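Below is one structure, written out as structure tokens, with a few remarks after it.
Here the structure is a predicted model, which means the values were calculated and not measured. Values reported hereafter were calculated over all heavy atoms of this structure, with side chains retained and with hydrogens, waters and symmetry mates removed.
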Amino acid sequence: MNKVKFIFCTHNHQPVGNFGWVFEKAYQVSYKPFMQVMLKHPKIKWSLHASGMLWEYISKEHPDYVKNVKKLVSSGNLEILSGGYYEPIMTSIPDRDKIGQIKKLTDYLKNKFGCEEANGVWLAERVWEPGLAKILCEAGIEYTVLDDAHFAAAGMEPESLSGYYTTEEQGYRLNIFPISQSLRYLIPFQNVENSINFFKSIASRGGQNPVSVMADDGEKFGMWPGTNKHVYENGWLENFLTAIEENSDTVETASFSEILKTGKSSGKVYLPCASYFEMSEWSLPSAAQQKFENAIHRYGGDNEAKTFLRGGFWRNFLSKYEEADNMHKKTLYISDKVKRYVDGNKPHAEKILDNLYAGQCNCAYWHGVFGGLYLPHLRNAVYNSLLKAENLYNKSFLKRSSWSIFDFDCDMENEYLYESKFHNIYVKADKGGSIFEFDILKINHNLLDVLTRRYEFYHEKLRDNTARAVIANNNEQEVRTIHNDEVKVKESGLDKYLSYDRHRRASLVDHFIAQDTKYDDFIFARFSELGDFVSAKYEADVSDSKLLLERNGKVEGNDVKLSKIITPSAAGYTVSYEIKNNSGKELDLCFVPEQVFAFSSKTGDDFADLKEMDLWKRYDDFFKIEVVIKLSEKCDMWIYPIETVSNSENGYEKTYQGTCAAALVRKILKPEQSFKFVMETVVRCVDA
């Protein structure tokens with residue numbers, strides 16, 4: 001019987017912008033106790049990857065952990081993997097940033113821990129595209145670790161995989177270790193005996209030098225629901241390591257580098273674009289996601305079905321969620337600015353690069369079983385980092401405020417970007433002439449970072465199980481994988497908030513609604529849209545620092561022309577509307593220009609049906625800003641919060657995304673008659 005070489009690798013990560021208490025909790029319930037158990041077993045070799053910002057946190061707050069890492073690296077018990085410093089999805093960022101992120105973390109590991117051979121890389125979410133091989137090699141990388149699902153997608157049998165394989169891109173050779181999905185689901189959720197039996201079955205198959213890899217999130221050893229008690233209090237990890245030692249005739253631990261040095265490549269492989277199987281489900285559009293799940297169930301959900309049935313791949317999130325795409329295109333835009341800054345040998349080059357890299361942290365760009373994109377504090381951290389980089393660029397290169405016109409989001413339509421040292425105003429003329437980004441540069445915040453309420457396929461599960469849903473318990477003791485079908489909610493009545501917007505949440509969205517529309521019907525999107533202006537294309541032109549937008553459209557089938565002029569100011573912008581009745585009959589109009597603001601939290605004032613207002617203001621204590629809307633005439637205003645319902649590893653939850661302020665302008669227009677309406681939006685930064 002051959003002896004199985006077992007590579008035991010954990011990946012630890014907390015995203016940029018996550019709360020300090022989450023970092024600390026993860027350390028106390030997962031990273032620290034894991035290390036304490038590993039120190040008791042000097043015969044065990046293991047591998048570890050942690051993102052750069054997590055290493056920074058641990059180094060500052062828990063230096064004893066760093067000492068233990070150095071000790072284990074020095075003794076040869078621990079191998080540390082490099083990767084993108086701020087855990088970006090490598091395929092989504094420019095090549096120069098891929099190399100920069102990897103070299104930043106590699107240099108950190110060499111300087112901090114003496115890891116002279118940090119030549120392995122952890123790919124965030126194991127997102128792979130074939131072109132990565134060349135870039136990784138250019139960054140000094142010799143190997144990476146991917147799921148056996150990647151190999152299955154290339155037609156290979158997961159059960160037959162062993163050791164490592166070699167791929168190439170333009171002659172650049174990269175080694176790839178396959179991760180066993182079976183081990184990922186065994187460890188630590190099933191009895192230790194099951195894992196040992198798995199190793200015995202591998203050993204009994206024959207073949208030379210079998211190798212099995214378990215590489216997965218370190219948080220599932222203590223941070224995932226119920227795992228802290230299971231893994232540490234009940235001794236699962238201790239028992240697992242002891243069992244490996246006691247079965248040394250069957251299995252022994254090894255490092256990636258050791259296998260590379262002592263074993264030959266198992267063959268050449270060319271892998272398609274892929275990630276782990278669940279990611280291929282999550283990245284699909286919601287309707288297709290449901291169909292995909294039905295197809296998997298039709299075949300019993302067995303491994304063979306999952307081998308040949310695959311969903312989308314990570315980049316699909318950029319078309320599924322406009323907000324994710326906006327952050328991504330902002331990253332590309334800022335990266336180009338940073339390149340110009342660095343190429344000019346400007347001071348603080350390292351600082352501007354660091355801010356750019358932090359803005360590429362992947363977690364806010366997608367959504368699966370974790371909150372991700374749905375968490376405002378993670379999106380805010382992305383914009384905060386990117387805007388810090390942009391501020392540094394502006395100090396050297398931005399000479400005057402101006403509009404620029406180009407295809408910002410790569411959709412074959414030009415956007416209109418106003419940039420100053422105070423704020424940015426980004427406008428989509430082809431989507432209702434709306435403002436889709438409003439950056440307040442003094443506080444590095446995109447005030448339009450509001451997530452649209454959209455249908456998710458798991459909403460049906462919530463609707464169908466509302467009566468049986470269980471209130472989530474943060475102190476849950478039952479060990480379970482996060483990939484399960486149980487319906488847990490963080491509060492009751494969430495199904496009442498399953499409302500879906502018909503358009504992307506943006507500012508200067510132009511509605512025409514019925515005069516008798518009720519407040520509740522408007523905020524929950526149950527009203528009728530009488531006009532065709534909301535998402536339609538406006539003609540646009542820039543003149544004298546003003547953006548002119550106009551459209552000849554319809555309101556209940558009647559010809560109406562709507563013009564609006566956006567005039568930036570030092571503290572915001574003014575919008576001058578003119579609406580003309582081009583039909584042959586009198587029109588009774590209720591015109592509703594809508595704006596949204598990404599405040600830090602919801603207040604009681606966010607639910608308001610206001611009468612006869614010409615001024616509205618809202619102060620945000622966290623961002624230290626006051627938003628003021630001034631209207632040219634008194635009218636009613638509807639104020640309401642935008643709240644989404646999403647699933648997470650701890651259950652379904654409602655999340656505040658921002659506040660909407662809608663003015664109701666009521667006018668009766670005779671044929672060929674027009675009226676003008678002015679709305680000024682001012683943002684005042686109030687120093688603490």
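Between the CD atom in Glu323 and the CG atom in Asn446 there is a gap of 11.0 Å [rounded to 0.5 Å]. Distance check: Glu24 CD to Lys32 NZ gives 8.5 Å after rounding to the nearest 0.5 Å. Rounding to the nearest 0.5 angstrom, the gap separating the CG atom in Asn175 from the CG atom in Leu136 is 11.5 Å. To the nearest 0.5 Å, atoms CG (Asn384) and CG (Asn444) are separated by 5.0 Å. In this structure, CG in Leu54 is found 9.5 Å from NE2 in His49, a value given to the nearest 0.5 Å. With values rounded to the nearest 0.5 angstrom, Ser92 atom OG is found 12.5 Å from Trp366 atom CH2.
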Could you give me the CA-CA distance, side-chain angles and deciding distance for Tyr31 and Gln14, then say whether side-chain hydrogen bond (donor to acceptor under 3.5 Å, both in side chains) is met? CA-CA 12 Å; Tyr31 313 145; Gln14 293 299 322; 3.1 Å; yes
Going through the checks in order, is the side-chain hydrogen bond (donor to acceptor under 3.5 Å, both in side chains) test met by Ser335 and Arg96? CA-CA 9 Å; Ser335 181; Arg96 60 180 176 270; 3.2 Å; yes
Run the side chain to side chain contact (heavy atoms under 4.5 Å, CB included) test on Asn12 and Glu219 for me, step by step, so that the C-alpha distance in whole Å, both residues' side-chain angles and the decisive distance to 0.1 Å come before the verdict. CA-CA 7 Å; Asn12 299 341; Glu219 291 78 22; 4.2 Å; yes
Given the rule in the side-chain hydrogen bond (donor to acceptor under 3.5 Å, both in side chains) test, do Tyr333 and Glu390 qualify, once you have shown the distances and angles that lead to the verdict? CA-CA 10 Å; Tyr333 185 47; Glu390 189 167 28; 5.4 Å; no
Tell me, with the steps shown, if Arg453 and Ile642 meet side chain to side chain contact (heavy atoms under 4.5 Å, CB included). CA-CA 8 Å; Arg453 300 175 298 186; Ile642 307 299; 3.8 Å; yes
Applying side-chain hydrogen bond (donor to acceptor under 3.5 Å, both in side chains), run through Tyr374 and Glu653 and close with a yes or a no. CA-CA 10 Å; Tyr374 274 84; Glu653 59 189 0; over 6 Å; no
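Here the two rings, on Phe221 and Phe34, have centers that are under 6.0 Å apart. In summary, the aromatic rings of Tyr27 and His62 are positioned with their centroids under 6.0 Å apart. In this structure, the ring of Phe177 has its center no less than 6.0 angstrom from the ring center of Tyr165. Taking the six-membered ring for Trp, Tyr143 and Tyr164 have ring centres at least 6.0 Å apart. For Tyr321 and Tyr365, the ring centers are positioned 6.0 Å apart or more. Taking the six-membered ring where the residue is Trp, the centroids of His11 and Trp122 are separated by under 6.0 Å. Less than 6.0 angstrom separates the ring centroid of His367 from the ring centroid of Tyr458. Ring centroid separation for the pair Trp55 and Phe113 comes in under the 6.0 Å cut-off.
Contact check on Glu322 versus Arg505 returns no salt bridge, with no Lys/Arg side-chain nitrogen under 4.0 Å from an Asp/Glu carboxylate oxygen. Residues Lys624 and Asp620 are not paired through a salt bridge, judged by the lack of any N-O separation under 4.0 Å between the basic side chain and the carboxylate. Using a cutoff of 4.0 Å between basic side-chain nitrogens and carboxylate oxygens, Asp325 and Lys320 are not scored as salt-bridged. Ion pairing between Lys329 and Asp409 fails under the 4.0 Å rule for side-chain N and carboxylate O. Look at Lys330 and Asp439 and you find a salt bridge, because one of the NZ, NE, NH1 or NH2 atoms lies within 4.0 Å of a carboxylate O, short of that distance. At a threshold of 4.0 Å, the pair Glu413-Lys428 does not count as salt-bridged, since none of the basic side-chain nitrogens sits closer than that to a carboxylate oxygen.
For Lys70 and Tyr65, the positive end is not near the middle of the six-membered ring at less than 6.0 Å and at most 45° from its axis. With Tyr172 as the aromatic partner, Lys134 meets the cation-pi criteria of under 6.0 angstrom to the ring centre and within 45 degrees of the ring axis.
Here the side chain of Glu168 pairs a donor or acceptor atom with the backbone of Gln170 at under 3.5 angstrom. No side-chain donor-acceptor contact under 3.5 Å links Tyr416 to the backbone of Val542. Not a single donor-acceptor pair under 3.5 Å links the side chain of Asp501 to the backbone N or O of His503.
In this structure the side chain of Tyr418 reaches within 4.5 angstrom of the side chain of His423, judged on heavy atoms. Using a 4.5 Å heavy-atom cutoff, the side chains of Arg340 and Asp336 are not in contact. Between Asn326 and Glu437 there is a side-chain heavy-atom pair separated by less than 4.5 Å. When side chains are defined from C-beta on, Phe436 counts as touching Arg504, because their heavy atoms get closer than 4.5 Å. Residues Lys98 and Pro88 form no side-chain contact, since every pair of their non-hydrogen atoms from C-beta on lies 4.5 Å or further apart. At a threshold of 4.5 Å between non-hydrogen side-chain atoms, the residues Asp147 and Gln181 do not count as touching. Side-chain atoms of Trp46 and Leu72, non-hydrogen and from C-beta on, do get closer than 4.5 Å to each other. Glu129 is not listed as a side-chain neighbour of Met90, based on a closest heavy-atom distance of 4.5 Å or more.
Gly312 approaches Asn316 most closely through the heavy-atom pair CA-OD1, 3.0 Å. When all heavy atoms are compared, the tightest approach of Ser51 to His13 is OG-ND1, 2.8 Å.
Taking the six-membered ring where the residue is Trp, Tyr108 and Tyr85 present perpendicular rings, their angle passing 60° and hence far from 30°. Below 30°, between 30° and 60°, or above 60°: for Phe406 and Phe408 the angle between ring planes is above 60°, a perpendicular geometry. Classified by interplanar angle (parallel below 30°, tilted 30° to 60°, perpendicular above 60°), the ring pair Phe19/His377 is parallel.
Counting only N and O atoms by type, the side chains of Gln360 and His328 include no donor and acceptor under 3.5 Å apart. Between Asp97 and Gln101, the side chains place no donor N or O within less than 3.5 Å of an acceptor N or O (distance only, hydrogens not considered). Side-chain contact of Gln657 with Arg379: a donor-acceptor pair under 3.5 Å is present, judged by distance alone. For the residue pair Ser257 and Glu79, a side-chain donor N or O sits within less than 3.5 Å of a side-chain acceptor on the partner.
Checking Tyr573, Phe422, Tyr383 one by one against Phe438, the ring pair (Phe, Tyr, Trp, His ring centres under 6.0 Å) holds for a single residue, Tyr573. Checked against Glu419 for a salt bridge (charged side-chain N to carboxylate O under 4.0 Å, His left out), the options Lys337, Lys399, Arg400 give a single hit: Lys337.
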